[in-house]
Peer 1: 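Let me give you the structure first, and then I'll get to my questions.
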2 protein chains.
Amino acid sequence: MTDAPASHSWRSVREEVLRRIAHEDWRPGDAIPNEADLAAELGCARATVNRALRSLSDDGLLERRRKGGTRIARHPVGKATVRIPIIRMEIEERGALYGYRLLDRRMERAPDALRPRFGPPGEGDLLHVIAVHLADGRPYALENRWIVPETVPDALDQSFEDLAANEWLVRHLPLTRAQSEFFAINATDRETAALGAAAGEALIVHRRMTWLAERPITLVEMTFAKGHTLRT
Amino acid sequence: MTDAPASHSWRSVREEVLRRIAHEDWRPGDAIPNEADLAAELGCARATVNRALRSLSDDGLLERRRKGGTRIARHPVGKATVRIPIIRMEIEERGALYGYRLLDRRMERAPDALRPRFGPPGEGDLLHVIAVHLADGRPYALENRWIVPETVPDALDQSFEDLAANEWLVRHLPLTRAQSEFFAINATDRETAALGAAAGEALIVHRRMTWLAERPITLVEMTFAKGHTLRT
DNA sequence: TCGAATAATATGTACATACATATTAAGTCA
DNA sequence: TGACTTAATATGTATGTACATATTATTCGA
């Protein structure tokens with residue numbers, strides 16, 4: 001006998017489905033009842049079941065196909081959302097004192113390896129800003145950023161001496177798309193100087209590019225000091 | 001005059017809002033009209049607008065509060081979803097020949113640094129599996145995994161000599177929660193031996209833990225060969 | 001028997017309505 | 001003035017109905 005849960009909310013339906021997955025009533029690859037049947041069983045409207053199953057599908061736990069029905073994902077989740085905070089806020093949330101130092105600011109073309117990513121606007125000079133973020137006076141992250149003046153003309157008026165480009169951009173411009181990459185590098189002269197890293201030390205880099213509509217805004221490489229861990 | 005878009009779909013509403021953000025009609029921090037007004041303006045039902053705005057809110061582009069209304073996010077969440085594929089499929093998708101070699105398999109306690117993550121089940125012996133994944137015969141990633149027998153008793157019957165633990169787990173067990181970490185290490189003896197890396201070379205590590213309900217399933221560290229980039 | 005047309009089916013979406021809930025604003029009384 | 005109560009408001013959700021769409025299953029003709 002299946003007794004309906006007290007609540008008819010889509011969240012309770014979601015929990016019930018999760019419970020059955022956790023209880024291994026339903027296993028990877030298994031088809032589950034259709035929305036109408038589930039709604040009848042749980043005593044709620046189909047739209048409510050739809051909302052719950054769609055939520056689980058978005059989370060990668062279910063796979064749904066029209067006419068094919070819904071089944072437990074065979075290749076689960078496969079998703080990890082990494083937060084990309086403003087560095088200042090990240091540091092202050094740790095209770096540390098935030099510091100910022102501009103190292104360089106100039107107009108120049110993007111390096112060959114990155115230029116194609118900017119498309120046509122990348123053929124001209126970009127605003128190249130290098131700065132270091134400090135936590136309690138100690139190097140925390142090295143920011144190496146290219147800004148596309150075509151998309152962000154106001155940026156040319158900014159010195160970025162006191163306010164990180166990071167933060168200025170966020171406050172002035174919306175964005176509609178972002179893409180990230182993560183990789184590891186051995187510290188070179190630049191990192192040893194700016195981050196106080198030992199030569200050759202392994203550092204993690206977060207490279208991120210953002211767009212406003214189809215126009216590229218900025219590409220930034222954040223290189224973190226030794227031992228930094230990015231968490232989901 | 002605001003002309004309604006031909007389509008009344010929530011996607012078209014989403015696109016219209018994105019268009020206004022891209023066009024900078026609405027800028028970070030700005031409040032936008034409430035759902036009822038937008039629905040009237042665009043000629044659709046409030047539920048449709050709600051669906052569209054909720055979608056954008058999930059993507060971190062909008063911030064919504066009851067009674068407070070909806071505004072353009074000031075700190076675009078910058079969610080980056082990292083895919084966590086089955087290594088074999090990832091390699092084969094690149095058109096390379098997949099290979100796999102089990103290096104070690106034994107029952108032992110988790111190291112002190114990781115043990116607390118498993119909670120009570122971590123106090124006993126865990127199944128510790130080390131293996132290397134190959135692409136066209138060259139080392140691709142080193143898999144260092146602890147499996148919780150309490151949650152996955154069937155794993156004890158598996159030799160993991162031919163089938164990666166990675167894949168076996170995915171095929172046999174659902175999961176309800178996952179958490180990831182990314183960091184960089186300098187290659188030590190273990191990595192030089194298993195991955196053919198030079199000593200001290202910077203390598204990126206993806207550490208992932210999964211749960212079934214509240215029970216820990218497994219914790220795995222995937223260390224990738226030199227130059228690997230994780231993409232969103 | 002094979003292929004194309006057609007029916008059947010499960011999910012996807014739109015809408016109107018109603019009510020729930022969080023949060024802010026307004027009002028009231030000491 | 002200030003604490004507290006009450007109203008107003010925008011989003012959040014549940015429901016029934018209707019139809020759209022993708023995909024599978026079936027039927028039928030050559």
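Worth knowing before you read on, the calculation uses all heavy atoms, side chains too, and leaves out hydrogens, waters and symmetry mates. Chain letters run A, B, ... following the sequence lines, proteins first and then strands; every chain starts at 1.
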Peer 1: What is the distance from CG of B:Leu56 to P of D:dT11, rounded to the nearest Å?
Peer 2: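 Taking CG of B:Leu56 and P of D:dT11, I get 13 Å after rounding.
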Peer 1: With no angle test and no hydrogens, is the base of C:dG12 tied to the side chain of B:Arg51 by a donor-acceptor pair under 3.5 Å?
Peer 2: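 In this structure, the two groups form no donor-acceptor pair.
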Peer 1: Does the distance from a Lys or Arg side-chain N to an Asp or Glu carboxylate O, for A:Glu167 and A:Arg171, drop under 4.0 Å?
Peer 2: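 Counted as a salt bridge, because a side-chain N and a carboxylate O are separated by less than 4.0 Å.
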Peer 1: Might you work through the salt bridge (charged side-chain N to carboxylate O under 4.0 Å, His left out) test for B:Glu221 and B:Arg207, ending with a clear yes or no?
Peer 2: CA-CA 4 Å; B:Glu221 290 176 359; B:Arg207 179 189 285 154; 2.9 Å; yes
Peer 1: What's the CZ-C1' distance between A:Arg46 and D:dT13, to the nearest Å?
Peer 2: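 Atom-to-atom, A:Arg46 to D:dT13, this comes out as 17 Å.
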Peer 1: In whole angstrom, give the distance that lies between atom CG of A:Leu62 and atom P of C:dG12.
Peer 2: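 In whole Å, C:dG12 P lies 11 Å from A:Leu62 CG.
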Peer 1: Starting at atom CG of A:Leu53, determine the distance to atom P of C:dT11, rounded to an integer number of angstrom.
Peer 2: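 Atom-to-atom, A:Leu53 to C:dT11, this comes out as 8 Å.
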Peer 1: Rounded to whole angstrom units, what separation is found between the CH2 atom of A:Trp10 and the C1' atom of C:dA20?
Peer 2: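 The answer, rounded to whole Å, is 16 Å.
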Peer 1: Among side-chain atoms of B:Ser180 and B:Arg208, is any donor-acceptor pair under 3.5 angstrom?
Peer 2: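 B:Ser180 vs B:Arg208: no donor-acceptor pair found between side chains.
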Peer 1: Please check the phosphate of D:dA10 (OP1 and OP2 only) for any side-chain N or O of B:Arg64 closer than 4.0 Å.
Peer 2: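 No, no such contact exists.
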Peer 1: Tell me the interatomic distance from B:His8, atom NE2, to C:dA16, atom C1', rounded to whole angstroms.
Peer 2: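 B:His8 atom NE2 is separated from C:dA16 atom C1' by 15 Å.
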Peer 1: Nearest-nucleotide wise, let me know which of A:Arg65 and A:Ala47 is further upstream toward the 5' end of DNA chain C.
Peer 2: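 Checking each residue's closest nucleotide, the 5'-ward one belongs to A:Arg65.
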Peer 1: Any side-chain heavy atom of A:Phe160 sitting closer than 4.5 Å to one from A:Tyr100?
Peer 2: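 Yes. Closest side-chain heavy atoms under 4.5 Å.
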Peer 1: What does the list of N/O pairs under 3.5 Å between the protein and nucleotides 6-9 of chain D look like, with a distance for each?
Peer 2:
from: D:dT9; atom 1: O4'; to: B:Lys67; atom 2: NZ; distance (Å): 3.3

Peer 1: In whole angstroms, how far is the C1' atom of C:dT11 from the CZ atom of A:Arg54?
Peer 2: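 Spelled out: CZ on A:Arg54 to C1' on C:dT11 is 11 Å.
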Peer 1: For B:Arg71, which contact category applies under a 4.0 Å heavy-atom criterion: base, sugar-phosphate, or nothing?
Peer 2: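 Here B:Arg71 touches no strand at all.
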Peer 1: Of A:Gly68 and A:Thr48, whose nearest nucleotide on DNA chain D comes first from the 5' end?
Peer 2: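 The residue mapped nearer the 5' terminus is A:Thr48.
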Peer 1: A:Phe183: what forms a ring-ring contact (aromatic ring centres under 6.0 Å, His included) with it, not counting sequence neighbours?
Peer 2: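 For A:Phe183 there are no ring-ring contact (aromatic ring centres under 6.0 Å, His included) partners, ignoring immediate neighbours.
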Peer 1: Look at the side chain of A:Asn50 and decide which nucleotide, out of C:dG12, D:dG12, D:dT13, has an atom nearest to it.
Peer 2: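 From the listed options, C:dG12 comes nearest.
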Peer 1: Using the rule given for salt bridge (charged side-chain N to carboxylate O under 4.0 Å, His left out), can you reason through B:Glu143 versus B:Arg101, listing the C-alpha separation, both sets of side-chain angles and the distance that settles it, and then say yes or no?
Peer 2: CA-CA 10 Å; B:Glu143 174 176 347; B:Arg101 200 165 68 240; over 6 Å; no
Peer 1: Check the distance between D:dG16's P and A:Glu35's CD and give it to me in whole angstrom.
Peer 2: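 Result: 14 Å.
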Peer 1: In plain terms, say whether A:Arg231 and B:Glu181 are close enough for a salt bridge, that is, a side-chain N and a carboxylate O under 4.0 Å apart.
Peer 2: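 Salt bridge between A:Arg231 and B:Glu181, a charged N being under 4.0 Å from a carboxylate O: yes.
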